[in-house]
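Sequential numbering from 1 along the given sequence is applied to the chain's residues. All values derive from a computational prediction rather than experimental measurement.
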Amino acid sequence: MRPAWRCRVCAAAWPCSPARLALLTEFVNNRVGLCQYLATQYVQALDDLSRHAPNVPRRGLYTRFLGWPSGSRR
């Protein structure tokens with residue numbers, strides 16, 4: 001759910017665990033594509049949050065969006 005960047009299914013901060021699993025499945029043979037997609041989402045989240053939720057802390061957003069794929073191996 002934008003601009004809050006919450007999961008439509010569970011309302012957790014996106015990408016939540018189910019979203020991460022779905023993304024890993026979708027991009028199973030394309031780790032670079034996954035990282036590019038997440039980087040794009042990260043930039044959009046920064047923009048949305050700065051416009052619509054300026055009081056939401058930005059700390060941890062990079063890790064939330066881009067810190068998890070490198071540690072996930074199938």
Side-chain angles (χ1 to χ4, degrees):
M1 295 181 294
R2 289 178 67 182
W5 289 88
R6 295 277 176 188
C7 176
R8 288 184 195 122
V9 176
C10 67
W14 191 92
C16 57
S17 293
R20 290 177 182 191
L21 183 59
L23 287 166
L24 286 172
T25 300
E26 182 178 347
F27 289 92
V28 68
N29 293 316
N30 188 2
R31 186 66 54 140
V32 171
L34 172 61
C35 291
Q36 288 174 330
Y37 174 75
L38 289 170
T40 300
Q41 300 309 301
Y42 169 68
V43 171
Q44 289 179 1
L46 286 173
D47 185 54
D48 282 349
L49 293 172
S50 67
R51 287 187 204 185
H52 303 287
N55 295 329
V56 172
R58 306 301 182 265
R59 177 173 231 147
L61 280 180
Y62 179 87
T63 302
R64 177 175 144 190
F65 281 82
L66 294 161
W68 63 271
S70 61
S72 303
R73 297 283 181 225
R74 290 190 137 196

Asker: Under the side-chain contact (heavy atoms from CB on, under 4.5 Å) rule, collect the residues that match up with C10, sequence neighbours excluded.
Answerer: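 In terms of side-chain contact (heavy atoms from CB on, under 4.5 Å), with neighbours along the sequence ignored, C10 is linked to C7, A12, C16.
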Asker: What I'd like to find out is whether the side chain of M1 reaches to under 4.5 Å of the side chain of V9, using heavy atoms alone.
Answerer: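 No. Closest side-chain heavy atoms not under 4.5 Å.
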Asker: Could you check whether any side-chain heavy atom of L38 comes within less than 4.5 Å of a side-chain heavy atom of L23, counting everything from C-beta outward?
Answerer: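 L38 vs L23: side chains touch.
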Asker: Do the non-hydrogen side-chain atoms of W68 and P15 ever get within less than 4.5 Å of each other?
Answerer: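 Yes. Closest side-chain heavy atoms under 4.5 Å.
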Asker: Just wondering, do V32 and N30 contact through their side chains at under 4.5 Å, heavy atoms?
Answerer: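 When only atoms from C-beta onward are counted, V32 and N30 do touch, with a gap below 4.5 Å.
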Asker: Keeping the roles fixed (side chain from R64, backbone from W14), state whether a donor-acceptor pair exists under 3.5 Å.
Answerer: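 Flag set: sc R64 to bb W14 pair under 3.5 Å.
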Asker: Got a sec, which pairs hit salt bridge (charged side-chain N to carboxylate O under 4.0 Å, His left out) with one end in residues 53-63, sequence neighbours left out?
Answerer: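 Pairs touching residues 53-63 that pass the test: none.
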Asker: Holding to side-chain contact (heavy atoms from CB on, under 4.5 Å), I want the full list of residues that pass it with A53, two or more places apart in sequence or in another chain.
Answerer: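 Result, side-chain contact (heavy atoms from CB on, under 4.5 Å) vs A53: L49, V56.
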Asker: With sequence neighbours excluded, give me every salt bridge (charged side-chain N to carboxylate O under 4.0 Å, His left out) pair touching residues 4-30.
Answerer: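 Every pair satisfying salt bridge (charged side-chain N to carboxylate O under 4.0 Å, His left out) with a residue in residues 4-30: there are none.
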Asker: What is the ring orientation for F65 with W5, classed by angle as parallel under 30°, tilted 30 to 60°, or perpendicular over 60°?
Answerer: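 Rings of F65 and W5: perpendicular, over 60°.
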Asker: Test: salt bridge (charged side-chain N to carboxylate O under 4.0 Å, His left out). Region: residues 37-52. Which pairs qualify, not counting sequence neighbours?
Answerer: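 For residues 37-52, and leaving out neighbouring residues, the salt bridge (charged side-chain N to carboxylate O under 4.0 Å, His left out) pairs sorted by first residue read R2-D48, D47-R51.
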Asker: Hey, could you give me each pair passing side-chain hydrogen bond (donor to acceptor under 3.5 Å, both in side chains) that has a residue in residues 34-43? Not counting sequence neighbours.
Answerer: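 Not a single pair qualifies under side-chain hydrogen bond (donor to acceptor under 3.5 Å, both in side chains).
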Asker: Got a second to check how far N29's CG is from L34's CG, nearest 0.5 Å?
Answerer: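 Answer rounded to 0.5 Å: 12.0 Å.
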